[in-house]
Amino acid sequence: MTQEELFKSLVSHAKEYGFIFPSSEIYDGLSAVYDYGQLGVELKNNIKRYWWESMVRLNENIVGIDSAIFMHPRIWEASGHVGAFNDPLIDNKDSKKRYRADVLLEDYLAKLEEKIEKEVAKGRKKFGDAFDEEQFRATNPNVLRNRSKINEVHSRMVAALEANDLQALRDLILDCEIVCPISGTKNWTDVRQFNLMFSTQIGSVSDDAGIIYLRPETAQGIFVNFLNVQKTGRMKIPFGIAQIGKAFRNEIVARQFIFRMREFEQMEMQFFVRPGEEIKWYEKWKETRLKWHKAMGLGDDKYRFHDHDKLAHYANAAADIEFEFPFGFKELEGIHSRTDFDLGNHQKFSGRKIQYFDPETNESYVPYVVETSIGLDRCFLAVYSSAYCEEKLDNGEERVVLRIPPFLAPVKAAVLPLVKKDGLPEKAREIMNMLKFDFNCQYDEKDSIGKRYRRQDAIGTPYCITVDHDTLKDGCVTVRDRDTMEQERVKIDELKNLIDNKTSFRNILQKL
């Protein structure tokens, strides 16, 4: 299955089983906006809980807030979003489609990387056990040619972005002979800047005085509440403030399902430190956040760090944790050393003193900030796409199974009476009522037991509990494991411990 075919299967499966729906679908939808269905919202809430508890519950010096989406418009001037929150925009004159110039170039570079990997795969197949990959990459002419091209294009792209040289970006696109995916032509417009913020009006009068913005990030709500939290919580440096919330960006090209949307959710933590100690904490949080991701068990090889070549206006160090999605390695989480830019600018623009008195050094200063920022929707897609599996069984049958980490699974157990008679549904209901206070469970008595197993596999339920005629005699049920499909007889009063051992947040949090 190609990556494109896999991605189509993922999108189709998400809708069919109640994970994600196109928003406003009965009105032909709304571009790049999605609704989470009954199972999607459960998975999403479990990811939120994992992040929140690891951040706030496990760290005594980190607290959480929930700031408003609507904020004073001067905040976005102070943060630099009004003047600098832009993407380079380019149009194809034939297809009338709009693209981000830097994304077109990044996709071009990704294709060159794919060519290198295909060349390496051919060499591995040709030479077998004698294959020396390091030597092959250093000597193969096709690999060297593509690597040289990658370095050249990447260097020119970074230089153009850092200099904000829009003409240089267009020239590079033309030199690389990049074509529009729709029209197949190179008939490009000039590159121009495009501000990503949504504006709206507040109050009853629609004039410039009433214009405010939907927040493009949740971080500023933390910064403007720095003093409120620090004083009321009696927080001492270093300390952090965490938040989960909606953000809005008028993306030029919103694509790849829920990877890039116009309305999305962020999980952010701003960690306030002494000036001069920010890089130490930056490195610590890089390590801590990667450990959090790997603890989910999606595969350590699916993660890598990407250090930024072009730093944002507020940063003195920045890196992304990238994840291998079905469409390649892309940003999942950002870790940034934001210096004192945010608090310093809010102090300047508001006219209010935003400083911390450090009792250990006996001085007041504007703290520096280290940020960790993860897209909740991207994390959802990482979990969901990694879990999706189409497999052929030994008996020749096929099944689709979502191997979602059990502690994140939307449904922890399904209770299934073998037949709808002989007192089995009543006994199954007893078990359901016993378990539902501790776990999200489903009761299902429709269709054959085999079809019901397949339904639960397809939504990622770790355990299926089958009530049969022997249950009424021996007080035991058959428990089927999602991943191995092995079955065992278990006493009813042991079910809670069995499910808890596999699905508990406690076990995962203890690894961090």
Side-chain angles (χ1 to χ4, degrees), residues 1-15 20 22-23 25 28-34 86-119 142 145-147 149-150 152-154 156-158 160-161 166-194 196 249-264 306 320 322-332 375 377-378 381-382 385 388:
M1 184 185 295
T2 65
Q3 286 188 344
E4 187 175 346
E5 289 171 337
L6 171 60
F7 201 59
K8 287 181 179 177
S9 296
L10 287 171
V11 175
S12 175
H13 187 90
K15 180 183 176 184
I20 298 173
S23 184
E25 188 178 20
D28 297 325
L30 191 61
S31 175
V33 184
Y34 291 91
N86 304 299
D87 277 341
L89 166 71
I90 192 169
D91 292 283
N92 182 269
K93 296 177 183 177
D94 298 317
S95 67
K96 312 298 182 189
K97 292 294 182 181
R98 181 168 289 175
Y99 302 93
R100 271 179 56 177
D102 57 329
V103 170
L104 285 176
L105 290 165
E106 287 172 0
D107 288 346
Y108 174 80
L109 292 172
K111 288 176 182 176
L112 292 178
E113 291 282 3
E114 284 180 18
K115 287 183 178 180
I116 290 176
E117 295 308 314
K118 285 180 181 178
E119 201 69 36
N142 291 334
R145 184 174 60 255
N146 283 317
R147 179 55 61 194
K149 185 68 175 175
I150 287 171
E152 177 201 347
V153 172
H154 184 263
R156 288 179 61 186
M157 180 181 73
V158 170
L161 289 171
L166 303 183
Q167 183 58 46
L169 279 176
R170 184 176 187 273
D171 291 343
L172 184 53
I173 288 171
L174 295 176
D175 290 346
C176 292
E177 298 185 338
I178 295 174
V179 300
C180 170
I182 306 299
S183 67
T185 69
K186 295 174 278 190
N187 192 10
W188 298 108
T189 65
D190 290 337
V191 180
R192 56 204 185 279
Q193 292 288 15
F194 178 83
L196 302 179
R249 295 182 184 179
N250 193 14
E251 295 282 359
I252 297 169
V253 184
R255 57 178 185 164
Q256 293 166 329
F257 197 26
I258 59 171
F259 180 80
R260 193 183 302 279
M261 298 191 294
R262 295 187 169 95
E263 176 186 341
F264 56 97
H306 169 69
D320 294 333
E322 293 186 334
F323 183 81
E324 189 177 15
F325 291 96
F327 39 85
F329 275 97
K330 297 288 183 181
E331 178 190 352
L332 178 58
D377 307 276
R378 291 186 181 187
L381 184 58
S385 62
Y388 183 86

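Everything quoted here is computed from the prediction, not taken from an experiment.
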* Kindly write out the residues that satisfy side-chain contact (heavy atoms from CB on, under 4.5 Å) with Lys186, not counting sequence neighbours, or none if the list is empty. => Glu177, Val179, Trp188
* Structure fact -> Output for pair (Leu104 CG, Leu109 CG), nearest 0.5 Å, gives 11.0 Å
* Point-to-point distance, once rounded to the nearest 0.5 Å, from CD of Glu119 to CG of Asn146 -> 8.0 Å
* To do: Take Phe264 and Arg378 through the test side chain to side chain contact (heavy atoms under 4.5 Å, CB included) and record every step on the way to the result.
  => CA-CA 9 Å; Phe264 56 97; Arg378 291 186 181 187; over 6 Å; no
* Residues which pass side-chain contact (heavy atoms from CB on, under 4.5 Å) with Lys118, listed by chain and number, not counting sequence neighbours -> none
* Structure fact -> Looking only at heavy atoms, the pair that brings Ala32 and Met261 closest together is O-CB, 3.6 Å
* Structure fact -> Taken to the nearest 0.5 Å, the spacing of Phe327 CZ from Asp107 CG works out to 10.5 Å
* Please name the pair of heavy atoms, one in Lys330 and one in Phe259, separated by the smallest distance, quoted to 0.1 Å. => CB-CZ, 3.3 Å
* To do: In plain terms, say whether Asp171 and Arg156 are close enough for a salt bridge, that is, a side-chain N and a carboxylate O under 4.0 Å apart.
  => no
* Structure fact -> Closest non-hydrogen atoms of Met157 and Asp102, given as atom of the first, atom of the second and distance, are SD-O, 4.0 Å
* For atom NZ of Lys149, is the number of surrounding heavy atoms from other residues, nucleotides or ligands below 6.0 Å larger than 12? -> yes
* Does the side chain of Ile116 come within less than 4.5 Å of Arg147's, by heavy atoms? -> yes
* In this structure, which one of Leu174, Leu166, Leu172 forms a side chain to side chain contact (heavy atoms under 4.5 Å, CB included) with Arg170? -> Leu174
* With sequence neighbours excluded, residues passing side-chain contact (heavy atoms from CB on, under 4.5 Å) with Ser23 -> Val33, Asp35
* **Ile173 vs Ile90 side-chain heavy atoms within contact, under 4.5 Å** => yes
* **Min side-chain heavy-atom separation Lys15-Pro22 under 4.5 Å** => yes
* Exercise: identify the closest heavy-atom pair between Ser385 and Ala382 -> OG-O, 3.4 Å
* To do: Look at the rings of Phe325 and Phe323 and say which category their plane angle falls in: under 30° parallel, 30 to 60° tilted, over 60° perpendicular.
  => perpendicular
* Would you name the heavy atoms of Arg260 and Arg100 that are closest together and state the gap between them? => NH1-NH1, 3.4 Å
* Smallest separation among heavy atoms of Ser9 and Tyr388, with atom names -> CB-OH, 3.6 Å
* Nearest 0.5 Å, what's the CG-CD1 distance between Leu105 and Ile178? -> 4.5 Å
* Run the numbers on Lys8 and Val11 for side chain to side chain contact (heavy atoms under 4.5 Å, CB included), then give the verdict. => CA-CA 5 Å; Lys8 287 181 179 177; Val11 175; 5.9 Å; no
* Are any non-hydrogen side-chain atoms of Tyr99 and Ile182 less than 4.5 angstrom apart? -> yes
* Give the C-alpha distance, both sets of side-chain angles, the deciding distance and a yes or no for side chain to side chain contact (heavy atoms under 4.5 Å, CB included) between Leu381 and Asp377. => CA-CA 6 Å; Leu381 184 58; Asp377 307 276; over 6 Å; no
* Asked: Taking only residues two or more places apart in sequence, or in another chain, which ones meet His306 in a side-chain hydrogen bond (donor to acceptor under 3.5 Å, both in side chains)?
  -> none
* Structure fact -> Contacts of Glu114 meeting salt bridge (Lys or Arg N to Asp or Glu O under 4.0 Å) (sequence neighbours excluded), chain-then-number -> none
* Asked: Does the side chain of Val191 reach to within under 4.5 Å of the side chain of Gln167, using non-hydrogen atoms?
  -> no
* Can you find a heavy atom in the side chain of Arg262 that is under 4.5 Å from one in the side chain of Ser31? -> yes
* To do: Verify side chain to side chain contact (heavy atoms under 4.5 Å, CB included) between Asp94 and Cys180, making sure each step is shown before the conclusion.
  => CA-CA 9 Å; Asp94 298 317; Cys180 170; over 6 Å; no
* Structure fact -> CG of Leu112 to CD1 of Ile150, rounded to nearest 0.5 Å, is 5.0 Å
* **With Asp91 via side-chain contact (heavy atoms from CB on, under 4.5 Å) - residues at least two apart** => Leu89, Arg98, Thr189, Arg192
